[in-house]
Amino acid sequence: DAGVIQSPRHEVTEMGQEVTLRCKPISGHNSLFWYRQTMMRGLELLIYFNNNVPIDDSGMPEDRFSAKMPNASFSTLKIQPSEPRDSAVYFCASSGRTGSYEQYFGPGTRLTVT
Amino acid sequence: DQQVKQNSPSLSVQEGRISILNCDYTNSMFDYFLWYKKYPAEGPTFLISISSIKDKNEDGRFTVFLNKSAKHLSLHIVPSQPGDSAVYFCAATSQGGSEKLVFGKGTKLTVNP
């Protein structure tokens, strides 16, 4: 079975450019999570969806960040405009088994903003 | 304010010995805890979990202990193997609440041959 798929794996962009990160959750999972990992803050939740609906976006740092989940098999995290402090590894995770809190993570996208 | 704390950034042990990774939490609403393992350039993978109705859960070489009164949990790996070298994250959530997991910052375990 395919796990969570993220693309691209690496992204290098210049400050001010738009960045779009993509995620395909595990088929059948109904919750999707976007995390950001930095040395300073560790692994922090940005936003999560349940049945394609955003449930909690309190972790989104500012209006430059937006996320969508147009259907059960695809989600995007967009940063516009990007800034050097957005450099981090961004993970997508999904979960779906009732009563289970296990989340399955993708391999991450390493974003570098110069 | 960190609700889940892993105070040891790193730990080094000899192959075959026990590895003990610690985690403290401050939110008394947390009642379900998970450990994840992360290799470089990969996403975290689920390892073992424990509900607050238990004080111990075991899976092969991995055992998690929960001390609710101290708001402390630990992961024991016995015997440790070089392949266990990774970053270990502790996570917590409140059952019946949202699905959000709150993660610690991780402990890097190195198992020396």
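Throughout, a chain's letter reflects where its sequence line sits, starting with A, and its residues are numbered from 1.
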Check whether more than 12 heavy atoms from other residues, nucleotides or ligands sit under 6.0 Å from atom CD of A:E14, and answer yes or no.
-> no

For B:R17, look at atom CZ and say whether over 12 heavy atoms of other residues, nucleotides or ligands are found less than 6.0 Å away.
-> no

If one checks every heavy atom of B:E42 against chain A at 4.5 Å, the contacting part turns out to be backbone

Residue pair A:S58 / B:K100: nearest heavy atoms and the distance that separates them = OG-NZ, 3.8 Å

Please assess B:F46 against A:F105 for the test ring-ring contact (aromatic ring centres under 6.0 Å, His included), listing each intermediate value before the final yes or no.
-> CA-CA 9 Å; B:F46 170 74; A:F105 283 75; over 10 Å; no

Is it possible for you to say whether B:I20 and B:V87 belong to one hydrophobic cluster, with membership spreading through side-chain heavy-atom contacts below 4.5 Å?
-> no

Does any heavy atom of chain A fall under 4.5 Å from the side chain of B:L101, the backbone, both, or neither of them?
-> both

Give the cluster check for B:L109 versus B:I48: same hydrophobic cluster or not, with ILVMFWY residues linked at side-chain heavy-atom distances below 4.5 Å.
-> yes

With only heavy atoms counted, which part of A:R9 is less than 4.5 Å from chain B, the side chain, the backbone, both or neither?
-> side chain

Counting only heavy atoms not in A:D63, do more than 12 sit closer than 6.0 Å to its CG atom?
-> no

Side-chain contact, heavy-atom cut-off 4.5 Å: B:P44 with A:F91?
-> yes

How far apart are the closest heavy atoms of B:F89 and A:Q37, and which atoms are they?
-> CZ-NE2, 3.4 Å

Under 6.0 Å from the CZ atom of A:R110, do we count more than 12 heavy atoms belonging to anything else shown?
-> no

Is A:V4 linked to A:F74 within one hydrophobic cluster, defined over Ile, Leu, Val, Met, Phe, Trp and Tyr using a side-chain heavy-atom separation of less than 4.5 Å?
-> no

Is chain B contacted by the side chain of A:T109, its backbone, both, or neither, given a heavy-atom distance below 4.5 Å?
-> neither

How many angstroms lie between atom CD of B:E99 and atom CG of A:L32, to the nearest 0.5 angstrom?
-> 10.5 Å

Which bit of A:Q103 is near chain B, if near means a heavy-atom gap under 4.5 Å: side chain, backbone, both or neither?
-> both

Under 4.5 Å to a heavy atom of chain B? For A:L45 that would be side chain

Taking the six-membered ring where the residue is Trp, are the ring centres of B:F103 and A:Y35 under 6.0 Å apart?
-> yes

For atom NZ of B:K68, decide whether the heavy atoms of other residues, nucleotides or ligands shown that lie under 6.0 angstrom number more than 12.
-> yes

Hey, could you give me the OH/OG distance between A:Y101 and B:S51, rounded to the nearest 0.5 Å?
-> 9.0 Å

For the hydrophobic clusters of this structure (ILVMFWY residues joined by side-chain heavy atoms under 4.5 Å, transitively), does one cluster hold both A:M60 and A:Y48?
-> no

By a 4.5 Å heavy-atom criterion (distance strictly below it), what part of B:T93 contacts chain A: side chain, backbone, both, or neither?
-> side chain

